[in-house]
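A short worksheet on the structure shown next.
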Amino acid sequence: MAAPQVDLSVQLAGLTLANPVLVASGTFGYGTEYGELVDVGRLGGLCTKAVTLHPRAGNPPPRICETSAGMLNAIGLQNPGVEVFISEKMPALRELGVPIIVNIAGESVADYVALAQRLSDCADIAALELNLSCPNVKRGGMQFGIDDELTERVVAAVREVTRLPLIAKLSPNVTDIVGIAEAARDGGADALSLINTLLAMSIDIDRRQPMLANVTGGLSGPAIRPVAVRMVWEVTQAVDLPIIGMGGITSAADALQFIMAGATAVAVGTANFVEPDVAGRIINDLEDFCQQAGVARVADLIGAAHSSSGTEGLQ
Amino acid sequence: MAAPQVDLSVQLAGLTLANPVLVASGTFGYGTEYGELVDVGRLGGLCTKAVTLHPRAGNPPPRICETSAGMLNAIGLQNPGVEVFISEKMPALRELGVPIIVNIAGESVADYVALAQRLSDCADIAALELNLSCPNVKRGGMQFGIDDELTERVVAAVREVTRLPLIAKLSPNVTDIVGIAEAARDGGADALSLINTLLAMSIDIDRRQPMLANVTGGLSGPAIRPVAVRMVWEVTQAVDLPIIGMGGITSAADALQFIMAGATAVAVGTANFVEPDVAGRIINDLEDFCQQAGVARVADLIGAAHSSSGTEGLQ
Amino acid sequence: MALLDEAPSMYAQTIQLIQREQVGPDYHLLKFDCPQVAAAAQPGQFVHIRVAAKWDPLLRRPFSVLRTNEAEGSFQVLMRTVGRGTQMLAEAQPSTEFDIMGPLGNGFALPGPEGEAILVAGGIGVAPLIFLATVLHEPESYRYARGLFGARSADDLCCWLEFSGVCDEFTAVTQDGSAAEQGLVTDFLAPQLERGAGCVYACGPALMLAEVARQCQGAEIPCYASMEQRMGCGVGACLGCVIPTRASGAQRYQRVCKDGPVFDAQIVDWEAIRCGCTPG
Amino acid sequence: MALLDEAPSMYAQTIQLIQREQVGPDYHLLKFDCPQVAAAAQPGQFVHIRVAAKWDPLLRRPFSVLRTNEAEGSFQVLMRTVGRGTQMLAEAQPSTEFDIMGPLGNGFALPGPEGEAILVAGGIGVAPLIFLATVLHEPESYRYARGLFGARSADDLCCWLEFSGVCDEFTAVTQDGSAAEQGLVTDFLAPQLERGAGCVYACGPALMLAEVARQCQGAEIPCYASMEQRMGCGVGACLGCVIPTRASGAQRYQRVCKDGPVFDAQIVDWEAIRCGCTPG
Ligand SMILES: Cc1cc2nc3c(=O)[nH]c(=O)nc-3n(C[C@H](O)[C@H](O)[C@H](O)COP(=O)(O)OP(=O)(O)OC[C@H]3O[C@@H](n4cnc5c(N)ncnc54)[C@H](O)[C@@H]3O)c2cc1C
Ligand SMILES: Cc1cc2nc3c(=O)[nH]c(=O)nc-3n(C[C@H](O)[C@H](O)[C@H](O)COP(=O)(O)OP(=O)(O)OC[C@H]3O[C@@H](n4cnc5c(N)ncnc54)[C@H](O)[C@@H]3O)c2cc1C
Ligand SMILES: Cc1cc2nc3c(=O)[nH]c(=O)nc-3n(C[C@H](O)[C@H](O)[C@H](O)COP(=O)(O)O)c2cc1C
Ligand SMILES: Cc1cc2nc3c(=O)[nH]c(=O)nc-3n(C[C@H](O)[C@H](O)[C@H](O)COP(=O)(O)O)c2cc1C
Ligand code: FES
Ligand code: FES
């Protein structure tokens with residue numbers, strides 16, 4: 001008996017992705033760093049490292065350190081700026097043949113608007129991901145993503161100047177993720193990325209100083225997965241926008257948690273550092289899972305865990 | 001050469017603790033469950049499972065599940081209520097000969113006040129820990145700890161009715177932990193406990209439903225340590241109250257991260273489940289560390305990582 | 001010692017795996033060197049094993065004691081490989097050291113002198129019942145024991161020879177008919193109950209236990225069920241492992257690790273359990 | 001392939017540890033079976049090893065290639081045990097499989113035909129310099145090589161015989177005087193520089209490298225330093241492993257894994273590095 005064909009494609013913000021597995025911003029460079037170790041063409045999509053209006057040197061080292069089932073980073077948005085990005089990085093990205101989602105970060109609403117305008121002129125960009133949530137820069141970054149008015153304002157301003165699909169990437173470092181997600185929707189976002197890193201730190205007890213020169217950094221990796229799944233779950237219930245779920249994904253089982261919690265697609269971040277072709281493995285295993293479970297379209301699993309209700313307790 | 005004596009004692013909210021290592025609320029029952037596996041008398045102190053005004057059945061099972069370097073719990077404050085606590089649990093707790101910190105939880109300000117009043121009449125309670133941060137109950141719990149006005153109000157109301165030292169236990173599920181800490185201080189707290197669990201969830205992909213009957217639960221264990229250290233660090237800089245640091249402590253090295261970040265004492269939680277005598281091991285290793293580092297009093301290490309400033313970056 | 005919440009003697013120590021034997025596609029017999037548990041463990045009690053020396057996987061894993069050998073100072077568990085922790089144990093080399101806590105839990109109440117015992121095992125639930133049957137088989141604690149053992153397929157009828165060897169009567173059942181009788185083990189219980197019995201002991205999947213309990217209640221024969229739940233501490237401190245019960249009418253949650261794992265089937269709230277509070 | 005960010009050939013694969021030899025209290029020589037790295041690796045390049053098959057410890061660990069054996073299809077690393085990952089490797093049994101990526105990084109630029117080479121190693125930094133000296137020792141790429149090797153104590157002068165064996169001249173130094181000359185390796189560099197040299201190669205602690213760079217600048221002799229930094233991806237994607245440089249005047253951060261690990265000492269911002277941006 002030939003295994004039935006599984007339809008892995010998903011629709012997201014007007015895009016059709018061949019499969020729901022992307023690589024997350026900042027963890028896959030500009031698409032070529034892993035060389036031949038990864039068959040990039042198989043990815044559902046690629047989110048670039050954040051691009052800013054002007055070049056940025058980033059934070060001083062040490063910028064990363066390992067923690068239990070996770071890592072901290074405080075890269076500080078090192079990037080060559082949007083002009084160099086367009087002239088030197090986009091040509092290679094274009095050749096990869098997968099949807100390119102450009103992650104943009106600004107210090108002000110005007111920065112985001114200028115970036116969106118500039119990138120709207122550039123061919124072959126599938127969508128913009130507004131990084132409202134970088135915990136590692138002094139100005140801008142997370143400051144937007146923790147305030148619902150600012151979130152709505154920046155998304156709305158960008159919405160006015162571009163026809164590209166807009167994905168708002170939210171910070172988990174908030175009391176009420178649903179409120180922020182609603183603000184992004186009200187501003188006109190077509191989709192949400194959940195979650196960026198958790199603000200965290202580690203101390204080198206021998207040197208009696210923080211492990212990172214930046215003192216704090218963003219926690220990513222398997223450690224944060226349960227927080228991310230919870231946020232996807234909560235937002236799915238309240239906001240009718242497709243979600244790209246991420247945070248600690250290392251396997252198809254992890255990816256399925258996000259999809260069943262309500263994510264339309266997922267992004268693999270930190271795991272790329274450990275296993276460069278992890279996304280390819282996940283795509284294969286997702287297909288196998290669907291085949292074995294008799295699921296014809298992976299899209300049928302989106303939000304699947306919401307249907308059953310919790311057990312009633314005593315009292 | 002005889003190793004020099006290390007002074008492990010610390011002062012916290014008017015109490016002198018023989019050493020800075022406590023066991024965290026909800027992870028050590030009422031002090032007797034581990035039987036002879038633990039020499040409870042060596043602990044710096046013991047925080048009881050949360051006590052409520054009336055008995056509570058708690059949440060339906062499954063209540064826990066394992067995650068990467070962590071676990072979720074949604075116990076839902078199962079406890080026999082304050083009267084049974086006083087008549088049946090306090091006698092044994094009293095015998096342990098260590099400071100007993102009673103963790104209290106309410107659904108309203110009036111509940112907290114009534115609990116504090118009742119427990120103030122009971123001998124041999126060293127302090128009250130106000131659980132403003134339980135993520136696993138529908139009413140009360142975290143609702144207090146994510147709102148600074150409510151935090152201040154409940155702490156102030158309890159302050160009026162008791163002379164016991166008051167420790168406010170804060171929720172990490174907030175945008176601005178410093179604001180909440182300031183509110184607790186303004187309400188009259190003598191110390192802060194940081195942190196309770198992170199709101200999180202896991203999905204059973206085979207059953208396509210949440211792993212916990214309660215859907216969401218609190219994430220604890222090594223996974224959350226970097227978030228906890230960061231919060232202790234931030235609060236230390238802004239609020240002049242002693243802090244009991246907790247979240248993922250499994251070793252003296254972990255405990256020292258909290259102490260160097262600014263905590264006066266630490267509490268071991270989830271690790272007790274894996275290694276019942278982990279607190280005893282940490283106390284021994286803390287002493288060794290101090291000896292080897294030539295530190296005469298562990299209290300000298302409180303906040304030690306704040307003195308050195310971060311490296312200056314480019315731009 | 002009355003203060004210690006009636007803690008029976010339990011030990012936490014680092015012990016050696018001394019023998020590992022594969023006894024089915026997914027099953028291993030593990031033998032550990034541990035005189036304390038060997039001397040103290042009662043049928044139905046369990047050990048809580050830390051599968052990794054480090055903090056990943058984080059939590060301990062509970063396993064019933066299958067048998068003890070006091071002379072040798074060893075005990076065994078029968079383990080089914082289902083996930084990460086059991087996989088690690090299945091691959092452990094003899095002489096590897098593990099941290100264990102045990103024996104934990106209450107164990108089976110031995111039957112009164114009257115009547116025969118019926119032991120109903122489902123799948124891996126056979127482990128504590130083999131221990132119980134072994135004790136009932138000994139001259140000083142002898143009771144006539146009838147064993148019923150059901151499993152999905154022949155592969156899962158693991159250790160059935162060991163089980164039948166210590167029962168006076170024995171019936172095996174597979175769901176797919178790949179060995180012995182075909183059907184559910186509970187299909188074969190009614191005739192046993194009709195013959196009368198002093199007590200029924202059961203261990204297996206929750207739905208099987210619920211059905212055994214229902215039939216026993218109908219037949220008015222006491223029934224003890226050994227329950228499973230995901231565990232944290234294993235000693236009653238975390239309240240993580242509860243099941244719903246209705247002891248003396250009032251509904252409440254009781255701890256599998258401390259108030260169980262063996263429960264009087266009459267007090268278990270089987271309705272609530274059918275709604276899905278068992279580990280997955 | 002010009003699109004690939006000038007990626008040199010690198011491989012990711014699962015390979016076997018074929019030999020493990022303890023060569024000092026904290027040091028091990030590890031030999032892996034891997035024809036690709038054996039054929040491709042250049043002195044100064046490194047491999048990025050996943051120490052656990054699971055996700056804990058999470059990140060890979062970088063190690064310089066010590067030597068390759070193309071005929072056998074193997075390569076070696078010299079490893080100092082410092083923390084969790086190296087501890088796990090130090091305990092790994094031959095035939096254990098590891099995921100590796102490599103060879104990574106740029107490697108040392110070979111010296112021009114003029115002048116002798118000075119190789120300055122500090123502690124475990126000797127590893128890539130042994131590889132370099134081995135290549136300089138081969139007839140087809142021969143250069144006269146003077147080796148300087150400093151370490152804390154005799155125990156840390158690990159593999160000094162291997163190093164001296166491939167150098168034409170050799171000086172060893174320990175800080176505590178427990179073997180060879182007493183002092184810092186940099187105390188013995190000045191006379192070497194005075195004799196003139198075509199190029200200096202250095203690997204070791206950051207402060208040692210800073211001092212070597214300072215002296216070489218004074219002597220106007222080119223110097224290449226192999227740098228360390230905590231690494232994420234190992235291939236230039238995460239920007240986690242940077243050090244401060246001032247190439248053509250402008251200050252910026254460059255990646256140790258991709259733009260290095262070998263840097264022209266002139267462009268490294270040693271001032272900033274002295275302030276403490278090296279791994280701890
Ligand atoms: C009192 C008791 C006695 C048991 N006796 C045996 C025995 O004799 N032989 C045997 O093979 N198994 C027994 N089990 C089940 C055994 O504990 C689980 O199969 C095992 O914990 C699975 O671990 P894992 O890492 O392979 O699975 P994973 O699914 O990776 O485990 C994840 C988490 O869920 C928990 N978990 C998963 N399945 C179960 C389960 N069925 N019951 C409780 N917790 C679970 C694990 O302990 C762990 O915390 C017993 C369980 C209990 C509660
Ligand atoms: C290019 C390069 C080449 C190296 N070559 C060798 C070699 O040939 N032999 C050798 O013994 N060591 C070498 N090192 C250092 C080696 O990578 C570390 O000692 C090792 O990663 C420590 O891992 P751990 O788990 O034992 O320590 P832990 O302290 O537990 O590691 C925690 C984290 O910090 C990182 N880390 C710790 N120390 C260092 C360090 N000195 N440099 C970079 N990252 C570090 C680890 O990779 C890990 O991510 C090299 C480092 C680099 C960057
Ligand atoms: C080294 C590193 C750099 C990152 N840079 C960015 C970035 O530039 N823009 C962004 O939106 N997110 C960035 N992130 C966040 C990731 O895209 C992702 O949201 C987060 O790491 C959680 O996923 P993970 O746990 O799978 O890594 C970065 C993460 C890491 C680890
Ligand atoms: C099973 C369990 C039950 C808990 N119950 C309580 C509680 O009743 N009151 C409370 O304030 N905190 C409770 N906590 C939170 C812990 O006291 C602690 O703040 C948290 O687990 C973080 O520490 P850890 O990572 O060391 O476990 C509980 C934690 C766990 C795991
Ligand atoms: S496992 Fe902790 S109470 Fe049972
Ligand atoms: S380790 Fe990722 S850029 Fe160097």
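Keep in mind that this is a model prediction, so the values were computed, not measured. Here is how names work: the chains are called A, B, and so on, in the same order as the sequence lines, proteins then strands, and each is numbered from 1.
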Report the option among B/Cys65, B/Ser68, B/Ala223 that has the most heavy-atom pairs separated by less than 4.5 Å from atoms of chain C.
B/Cys65
Quick one: what part of C/Arg61 sits under 4.5 Å from any heavy atom of chain B, side chain, backbone, both or neither?
side chain
Would you say B/Asn272 and B/Thr27 are linked by a side-chain donor-acceptor pair, where the criterion is simply a distance under 3.5 Å?
yes
Side chain, backbone, both or neither: which part of C/Asp99 has a non-hydrogen atom closer than 4.5 Å to chain B?
neither
Interface moiety of B/Thr250 toward chain C, non-hydrogen atoms closer than 4.5 Å
both
Does C/Tyr224 have its ring centroid less than 6.0 Å away from the ring centroid of C/Phe108?
no
Segment of C/Met231 engaging chain B (4.5 angstrom heavy-atom cut-off):
backbone
Listed by chain and number, what are the side-chain contact (heavy atoms from CB on, under 4.5 Å) partners of B/Ser251, not counting sequence neighbours?
B/Ala253, B/Asp254, B/Arg281
Looking just at side-chain N and O atoms, do B/Asn131 and B/Ser133 make a donor-acceptor pair shorter than 3.5 Å?
yes
Less than 4.0 Å between a side-chain N and a carboxylate O, is that true for C/Glu271 and C/Arg246?
no
